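For reference, the structure discussed in these notes is given below.
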2 protein chains.
Amino acid sequence: MKISAQEEYGLRCLVQLANLGAGETLTLPQIAEREGISVAHAGKLLWLLNRAGFVNSTRGPKGGYFLSRPASEIRLNEIIKVLDEDVLSSHCESYTGVLEKCVHTGDCGIRPVIVGLHELVEHALGQVTLAALVDNEEKVDAMFHQIEGMVKRAQPRGLGQ
Amino acid sequence: MKISAQEEYGLRCLVQLANLGAGETLTLPQIAEREGISVAHAGKLLWLLNRAGFVNSTRGPKGGYFLSRPASEIRLNEIIKVLDEDVLSSHCESYTGVLEKCVHTGDCGIRPVIVGLHELVEHALGQVTLAALVDNEEKVDAMFHQIEGMVKRAQPRGLGQ
DNA sequence: TCAAATCCTTACTTTTTCGTCAAGATTGCG
DNA sequence: CGCAATCTTGACGAAAAAGTAAGGATTTGA
Ligand code: FES
Ligand code: FES
């Protein structure tokens, strides 16, 4: 269970753009330099983000990228959904084992773990906007710890033991 | 953010063993057949799990694998930790970008997201035991939704907008 | 004591993901 | 116009993850 390189660096590029003032833009070389990646790599990431509608771009001299919506209206779960291949829906179809023991009896112990984790992460990320990630570590940190506290306190019956 | 193949199939092998009665064992070919993977693949997974202390094995005829502890005492977060490479601690060291803007100012927006997600998942998985995954989908499902409800209700201030 | 069944270990191949390259298209400016 | 700065796009190469192969080691039982 880990975040992929594409998710991380795509998110980083968006944070760079979220730092801009009104009317400012960043070019690919600028983004690449700040994140320590090649211009080609930045180009690919921004292309994905452009296709998904998070950023807009203008070509030619004085061109560059900028967010297509205010950072406060972009939530991290949308970003992750775009940068990550969604293999969740087709997960059970690609399972290699005996499906009678898994799907058809409706009694699979694995599926709820995978689906549940995915939803848990999505809900958590849905509570954080891109604006929250701009120069403010403590707030984001506190937010996640608040959620963790909730999870710890949940103590569901009948599963712990 | 997705579960790796090694995590999933390692967990599946453990669930197979958790289904056994006292004194029963499963051989590699048996596990491989049930999960639809090759014997070699099952061998590798069980070797990892054996090394980590989750299973024991006996060699020779009538040999096989069995859980080294009761399934009710094995929590999923321990399992995932072993099957997944822990790159979390060294994450910041391998970052390619300008570290002054990230580590040294103590004002990185990315780190709390990555660390927070990781802890969130770990806490959630720490509440589920292997025994809960044995032939009982509904309970596990309900448990995750309970946690999700908590997360949704958390509504932290100052980040949502 | 031998042979068969089983696990153990290392090395290799395949597949997927990650990142690069190079050519093309669009825009602004003199 | 014509050049330079910029984004766009698809194909390619490198790295990591996933999975396979093969030979070795241990135990049981005839
Ligand atoms: S994993 Fe899809 S039903 Fe078991
Ligand atoms: S990612 Fe480690 S400090 Fe920014």
Side-chain angles (χ1 to χ4, degrees), chain A residues 1-13 16-17 24-33 35-68 83-87 90-91 94-97, chain B residues 1-13 17 24-33 35-68 80 83-87 90-91 94-97:
Chain A
M1 201 71 188
K2 64 178 62 154
I3 202 167
S4 73
Q6 189 158 251
E7 288 171 301
E8 172 174 349
Y9 281 96
L11 181 57
R12 282 180 185 279
C13 291
Q16 291 290 348
L17 294 179
E24 292 180 315
T25 65
L26 283 179
T27 67
L28 284 179
Q30 288 175 317
I31 295 174
E33 193 215 353
E35 293 299 339
I37 61 183
S38 72
V39 175
H41 192 189
K44 186 177 199 172
L45 291 170
L46 270 293
W47 175 72
L48 286 171
L49 294 168
N50 190 5
R51 192 181 58 168
F54 291 115
V55 306
N56 281 112
S57 63
T58 55
R59 290 201 260 206
K62 307 287 177 187
Y65 290 94
F66 54 95
L67 293 181
S68 56
L83 294 170
D84 197 11
E85 303 292 316
D86 184 17
V87 286
S90 62
H91 174 264
S94 63
Y95 169 50
T96 56
Chain B
M1 201 69 187
K2 63 178 61 155
I3 202 167
S4 72
Q6 189 159 251
E7 287 171 302
E8 172 174 349
Y9 281 96
L11 181 56
R12 283 181 185 278
C13 292
L17 295 177
E24 291 181 315
T25 65
L26 283 180
T27 67
L28 284 180
Q30 288 175 318
I31 295 173
E33 194 215 353
E35 293 298 340
I37 60 182
S38 72
V39 176
H41 193 188
K44 185 179 198 171
L45 292 170
L46 271 292
W47 175 71
L48 285 171
L49 294 168
N50 189 6
R51 194 181 55 168
F54 291 114
V55 306
N56 281 113
S57 63
T58 55
R59 289 201 259 205
K62 308 286 179 186
Y65 290 93
F66 54 96
L67 292 181
S68 55
I80 270 21
L83 294 171
D84 198 12
E85 303 292 316
D86 182 18
V87 285
S90 62
H91 175 264
S94 62
Y95 169 51
T96 56

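Since the model is a prediction, treat every value here as computed from it, not as a measurement.
Panel note: side chain B:Q6, backbone B:L83; a donor-acceptor pair is recorded below 3.5 Å. When atom types are taken as modelled, the side chain of A:T25 and the backbone of A:Y65 share no donor-acceptor pair closer than 3.5 angstrom. Judged purely by atom type and a 3.5 angstrom limit, A:E7 uses its side chain to pair as donor or acceptor with the backbone of B:M1.
A:Q30 CD: more than 12 foreign heavy atoms inside a 6.0 Å radius.
Rounded to a whole Å, the CD1 atom of A:I3 is 11 Å from the P atom of C:dC18. Spacing between atom CD of B:Q30 and atom P of C:dA5 amounts to 14 Å, rounded to whole angstrom units. Between the P atom of C:dT17 and the CD atom of A:E8 lies a distance of 18 Å, rounded to the nearest Å. As a whole-Å value, the separation of B:L26 CG from C:dT6 P is 12 Å. B:Y9 has its OH atom 16 Å from the P atom of C:dT15, to the nearest Å. Taking atom NZ of residue B:K2 and atom P of nucleotide C:dT16, one finds them 12 Å apart after rounding to whole Å. Going from atom CD of B:Q6 over to atom P of D:dT20 covers 13 Å, rounded to whole Å. When rounded to the nearest whole Å, the span between CZ of A:R51 and P of D:dC7 equals 18 Å.
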Which letters describe nucleotides 8-13 of chain D, given B = protein heavy atom under 4.0 Å from base, S = only from sugar-phosphate, - = neither?
-> BS----

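As judged by a 4.0 angstrom heavy-atom cut-off over every strand, B:L45 is placed among residues making no nucleic acid contact.
Residue B:A5 has its side chain nearest to D:dA18 when only D:dA18, C:dC7, D:dT6 are considered.
At the phosphate of D:dT20, OP1 or OP2 sits under 4.0 Å from a side-chain N or O atom of B:S38.
Screening residues 35-58 of chain A for side-chain hydrogen bond (donor to acceptor under 3.5 Å, both in side chains) gives A:Q16-A:E35, A:E35-B:Y95 as the qualifying pairs, with residues at least two apart or on separate chains.
B:L45 has its side chain within reach of B:I37: a pair of non-hydrogen atoms, C-beta onward, lies under 4.5 Å apart.
Listed by chain and residue number, B:T96 satisfy the side-chain hydrogen bond (donor to acceptor under 3.5 Å, both in side chains) test with A:Y9 (two or more places apart in sequence, or in another chain).
Comparing A:H41 and A:P61 against DNA chain C, the residue whose closest nucleotide sits nearer the 5' end is A:H41.
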